[in-house]
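Ligands are counted one by one from 1 in listed order, and the atoms in each one are counted from 1 as well.
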Amino acid sequence: MSRHAGPPSRSEEHLPTADELADFLSGQRWFSGRGGPVEVVEVRTLARLHEDPVVEVLLVTARPADGVEARYQVVVECPSGPTERLDHVRIGAGDCYDGLHDREVTHLWPALMLAEASVGDIAFHHVPDAGPQQIPTDRPSLVLTGEQSNTTLAYGDAMALKVYRQVAPGVNPDIEVHLALHSVGCPHIATPLGWADSPDGVLAFLQEFLVGGTEGWESAQASVRDLFVEADLHPSDVGSDFAAEAERLGRVTAEMHASLREALPTSVLEPEQVAARVAAMQANLAEAVREVPALEPHAAGLERAYADLLALARGGQKVDVQRVHGDFHLGQTLRTPAGWKVLDFEGEPARPADERRALDTPLRDVAGLLRSLDYAARLVLLDHPDDPQRAYRAAEWVEHNSDAFCTGYAAAAGRDPREDEVLLRALLTQKAVYEVVYEARMRPSWVVLPLAAVERLAA
Ligand SMILES: Nc1ncnc2c1ncn2[C@@H]1O[C@H](COP(=O)(O)OP(=O)(O)O)[C@@H](O)[C@H]1O
Ligand SMILES: [Mg+2]
């Protein structure tokens, strides 16, 4: 393991050791390893942001026992002695802590962005139209909790700072797409304010905080739960009917797609390119069946969705492509008093960075959201196994809200996604197969959720 080129600095001996960092990483929900020993291969200081207390941004290259080596951003704060208020985020046996949890130092990020400062290997930036008004430096921060692959801090109700955990060189699509959408005045995103980058990759992204937001995922689940409380009602009869929201979200999605077309490149896939993509879907299915035997009985049925698309391609079908969200689901949406907002344009986490920026059909996002509605309902059903009545009503809820979403999308886009039935079904199939593999690996008790969809799609 190597650390810090050059002579050791004053408080170097304070910094956590590689083993301590390995311990810390293995306990973080954003760390990709799933248990087992973690090996830290390299630790590098990107910048020392502050002297007393010492605040350093570290790039930690780590290899989980069962995973792929990656680089992680860790912000360590080492005050001159034990600091009780940070005891819950201690790193190692010395007096070092996870600095993102200390509101005494987190003002450094907005302040350095406002100043467009360069520190060590990190360059801080703000968007041209953001000044001290939009980027206040006196707001206390709080780390948001949640099922996150990164760490997001809220500075009062003024700003949200997303600190990327896995760092890789190249364009960060989250920031790229936010800036592009902002430049064409798309109202459906949080206004970007600033960012921090380094030659090793983008480290942090500052945005407007979306005040009063409720995650689409929460509202959808609440609606399904309410439906189950009222034994005899249909989805449209219960007080928390989600359909009006689903329809508005459909409109917002279509408008977001239009803004993406305006701001970023578009293209057309020729029939042979469509066929090549179908071939990739087919290969993917074969691989998934090998990994998850529960897919085997449905393989032939699923294959039909791809064969139908292949037949269209052979008949000369082209497909319009553009930049898309890429990882669109209810958890990436916030319902605010100012309407639905879309978050997190990083793309599908499982895909390599350059593939995430590839042009794709906007129906990819439509399929993602439709699958998410299905997940929301099926997840609530998990609490009621062997209850055909509830299963029927959950399916009714999904259909009702999927229709509403597509109707809203059609109203804004001028074309109903359901008209592209073959393409949409292939994309839904691809997504459901991906979900089965993901759940089988990560959350086996949830594999029944996408398997139910697989059964339906294959029928
Ligand atoms: N600008 C914002 N305003 C308010 N809350 C936000 C904002 N950005 C993110 N969040 C909250 O943080 C969560 C995670 O953000 P996201 O960008 O999706 O990060 P991740 O890559 O970790 O999924 C969101 O689901 C949302 O609840
Ligand atoms: Mg997200």
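If you check the side chains of N150 and E346, you find a donor sitting under 3.5 Å from an acceptor. Between the side chains of Y164 and D174, at least one donor N or O sits under 3.5 Å from an acceptor N or O. Defined by atom type and a distance below 3.5 Å, a donor-acceptor pair is missing between the side-chain atoms of Q322 and H257. A donor and an acceptor atom, one from each side chain of H325 and D344, are nowhere located under 3.5 Å apart. For the 3.5 Å distance criterion, the side chains of Q430 and R364 qualify, holding a donor opposite an acceptor.
When each atom of ligand 1 is checked for a heavy atom of A190 under 4.0 Å away, the hits are 1 (N). Residue contact check: L144 has heavy atoms under 4.0 Å from atoms 11 (C), 12 (O) of ligand 1. Atom numbering of ligand 1 starts at 1 in the shown order; those under 4.0 Å from a heavy atom of G331 are 25 (O). Residue E346 has at least one heavy-atom neighbour below 4.0 Å for each of these atoms of ligand 1: 21 (O).
Looking at D174 against ligand 1, nothing comes within 4.0 Å, counting heavy atoms. The side chain of Q332, and not its backbone, has at least one atom closer than 4.0 Å to an atom of ligand 1 (non-hydrogen atoms only; side chain from C-beta on). Both the backbone and the side chain of L210 come within 4.0 Å of ligand 1, counting heavy atoms alone.
Residue-environment remark: CD (E116) exceeds the threshold of 12 foreign heavy atoms within 6.0 Å. More than 12 non-hydrogen atoms from other residues, nucleotides or ligands lie less than 6.0 angstrom from CD of E355.
For the pair R393 and E396, the salt-bridge criterion is not met [side-chain N within less than 4.0 Å of a carboxylate O].
Within the structure, the closest approach of S149 to ligand 1 falls below 4.0 Å when heavy atoms are considered.
Looking at W340 and L334, their side chains never come closer than 4.5 Å, going by heavy atoms from C-beta outward.
Listed by chain and number, the residues in a side-chain contact (heavy atoms from CB on, under 4.5 Å) with T361 are V319, L363, L423, L427 (sequence neighbours excluded).
Of all protein atoms, those of element N, O or S that lie under 2.8 Å from the Mg ion (ligand 2) number 2.
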